[in-house]
> 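Pasting a structure here, questions to come.
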Amino acid sequence: MAANTATAATTNICPLSSNQKPTQKIPLSIFPKTHQKPTFLAQKNPTLACKTNRSHHSSICSKSPLSEFFSSDQENPDEVSVDFDDDDKPREECGVVGIYGDPEASRLCYLALHALQHRGQEGAGIVAVNKNVLQSVTGVGLVSEVFNESKLDQLPGDIAIGHVRYSTAGSSMLKNVQPFVAGYRFGSVGVAHNGNLVNYKALRAKLEDDGSIFNTSSDTEVVLHLIAISKVRPFFLRIVEACEKLEGAYSMVFATEDKLVAVRDPYGFRPLVMGKRSNGAVVFASETCALDLIEATYEREVYPGEVLVVDKDGVQSLCLMPHREPKQCIFEHIYFALPNSVVFGRSVYESRHVFGEILATEAPVECDVVIAVPDSGVVAALGYAAKAGVPFQQGLIRSHYVGRTFIEPSQKIRDFGVKLKLSPVRGVLEGKRVVVVDDSIVRGTTSSKIVRLLKEAGAKEVHMRIASPPIIGSCYYGVDTPSSEELISNRMSTEEIRDFIGCDSLAFLPFNSLQNLLGKESQNFCYACFSGNYPVKPREIKVKSIGDFVDDGLSGSFESIDGGWVQGLRTQNLQDETV
């Protein structure tokens, strides 16, 4: 089968839209020379705040258009929990892999999932196809915890799909670990999905009214039901018909008895790339770092709105539906993706390095040393230090061996969770004016503890530089973020945040500078978390606010799981995406 794949030609009947260009294999430059300067409508406060004698305001401002529609009853205590799920960062929901035409498909899939482990640490699974039978192994935990030699021996075949998943669910989480496998009247199909469907509730309610029975609370299961009830032939047209009913973000890989199918939503919110191994095997993955590990050559992205079907005859490209203007998630370059990946045709490392350079140019400060909040702030810190001409040093050391929970001594230790993860280097910090670079601020609780940690280690001054604009809106497209009411930048000005976290100055990456950097491609990115303008209106439900609802496997009515969701707009319309 590998030989057939190697010699077959690629059929392409999915031309790019007028504002799409083929992705280069090796982007030579990610920085256009001509820049536009659009106005950031949502950001009313300066991005730089310095320590002054003004008191903390008792009143707070609400910037997000969603604020009046989404409420939160949760308080944010200043103390860090010893549940290490909450490190005050947005959570990428998952990563996917698909391999066709390699006799060791499941083992390569296992390695590729290792490379994507940063996209999800709570569950992993692989489905392999052997002699027209789909076999599945899924489990809770890291890839290395779920799979071993004997488990991989159960997954022979030359077609495989895999999935890593983030969630904070309880004991019933296992049934929501993907890939899902289902049988229908014409055979079996497995699916792995990265993203979030904003019309999931309406689709599920209609399917249940028509007699469908659901085993999980995952929106991915809706896709399988839509495929099963479709009457069109052949199989890939069932996928097309099902996807025409979906709204939101989805990058998915499907496995059948003889095909591997990859599909990406018309906006291209979440990344999905295609590669090829030397033996002709075709590989799909959420990031290019997965291709690198299994020695697959990066071919191109799966285009927004494209369906790619791989079988013994080669690779066929189909249009899912009319192309819209792409709205790729900008947070892939800010936080989610690994620095060695190429995402949306751009080097993640180079993007983050320039974010740091921009901060050094637009928010300079007299300092002695530049440090990073590891690991995601390191590249931006390197960029800041290089531009500012100040040495970069490791002022914080991250422990990679902290488990999900830890027993705290009876005599309470302040900032216990942060101290377990991050250790300050007194020799780097003592008596120094320190610039500390982080990728983002979400609730602000962890940032305040880091500042306190640095000052307790002897730092004379602490200046925080954030390599993203302020986050004022929750994500509805496959990222687990708090509700808008919990986002500190949606409630406070930059100066109020600076006062809250206790640093000497605070600056965010200016939104217009981010857009200027992207140049003509700026319109192809989604900035909803920074602007509150949503390309696909969140009419019904948000990404699960705390992962899966604790009773995600219950057999009661659908309404009984509403507690795990944040309710969306019902009668109000959001402003359409304009930037």
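As the structure is a computational prediction, the values presented were derived from the model and not from experiment.
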> Going by heavy atoms in the side chains, are S468 and F530 under 4.5 Å from each other?
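Side-chain contact under 4.5 Å: yes.
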> With sequence neighbours left out, write down each residue that passes side chain to side chain donor-acceptor pair (under 3.5 Å) with R277, or none if nothing qualifies.
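By the side chain to side chain donor-acceptor pair (under 3.5 Å) rule, R277 matches D102.
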> Please check if any side-chain donor atom of E295 sits under 3.5 Å from a side-chain acceptor atom of S278, or the reverse.
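There is no such pair (donor and acceptor under 3.5 Å, judged by atom type) between the side chains of E295 and S278.
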> Indicate the atoms forming the closest heavy-atom contact of I161 with V191, along with that distance.
CD1-N, 3.7 Å
> I need the single residue from Y477, Y534, F525 that forms a ring pair (Phe, Tyr, Trp, His ring centres under 6.0 Å) with F269. Which is it?
Y477
> Can you tell me if N199 uses its side chain to pair, donor with acceptor, with the backbone of K245 under 3.5 Å?
yes
> Between R264 and E306, does any NZ, NE, NH1 or NH2 come within less than 4.0 Å of an OD or OE carboxylate oxygen?
no
> To the nearest 0.5 Å, tell me how far I371 CD1 sits from D438 CG.
10.0 Å
> Taking the six-membered ring of F186, is NZ or CZ of R233 closer than 6.0 Å to its centre and within 45° of its axis?
yes
> Which atoms form the tightest heavy-atom contact between V223 and A242, and what is the distance?
O-CB, 4.4 Å
> To the nearest 0.5 Å, what is the distance between CG (D292) and OG1 (T297)?
9.5 Å
> In this structure, which one of R352, R119, R346 forms a salt bridge (charged side-chain N to carboxylate O under 4.0 Å, His left out) with E332?
R119
> What is the distance from atom OG of S341 to atom NE2 of H333, rounded to the nearest 0.5 Å?
9.5 Å
> Provide the closest heavy-atom pair for Q178 versus A192 in the form atom of the first, atom of the second, distance.
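Residues Q178 and A192, closest heavy atoms: OE1-CA, 3.4 Å.
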> Taking the six-membered ring for Trp and the single ring otherwise, decide whether the centroids of H225 and F214 are under 6.0 Å apart.
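Aromatic pair counts; centres sit under 6.0 Å.
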> How long is the straight-line distance from CZ of F355 back to CG of D439, given to the nearest 0.5 Å?
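Answer for the CG-CZ pair, D439 versus F355, is 10.5 Å.
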> Taking distance alone, no hydrogens or angles, what donor-acceptor pairs closer than 3.5 Å link side-chain atoms of residues 127-144 to residues at least two apart or in another chain?
none

> Give the C-alpha distance, both sets of side-chain angles, the deciding distance and a yes or no for salt bridge (charged side-chain N to carboxylate O under 4.0 Å, His left out) between E287 and R270.
CA-CA 10 Å; E287 291 183 38; R270 310 251 66 85; over 6 Å; no
> What are the two closest non-hydrogen atoms of P535 and A528, and how far apart are they?
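Reported closest heavy-atom pair: CD-CB, 4.5 Å.
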> Indicate the atoms forming the closest heavy-atom contact of D158 with A105, along with that distance.
C-CB, 3.6 Å
> Treating S212 as the side-chain partner and E208 as the backbone partner, does any N or O pair qualify as donor plus acceptor under 3.5 Å?
no
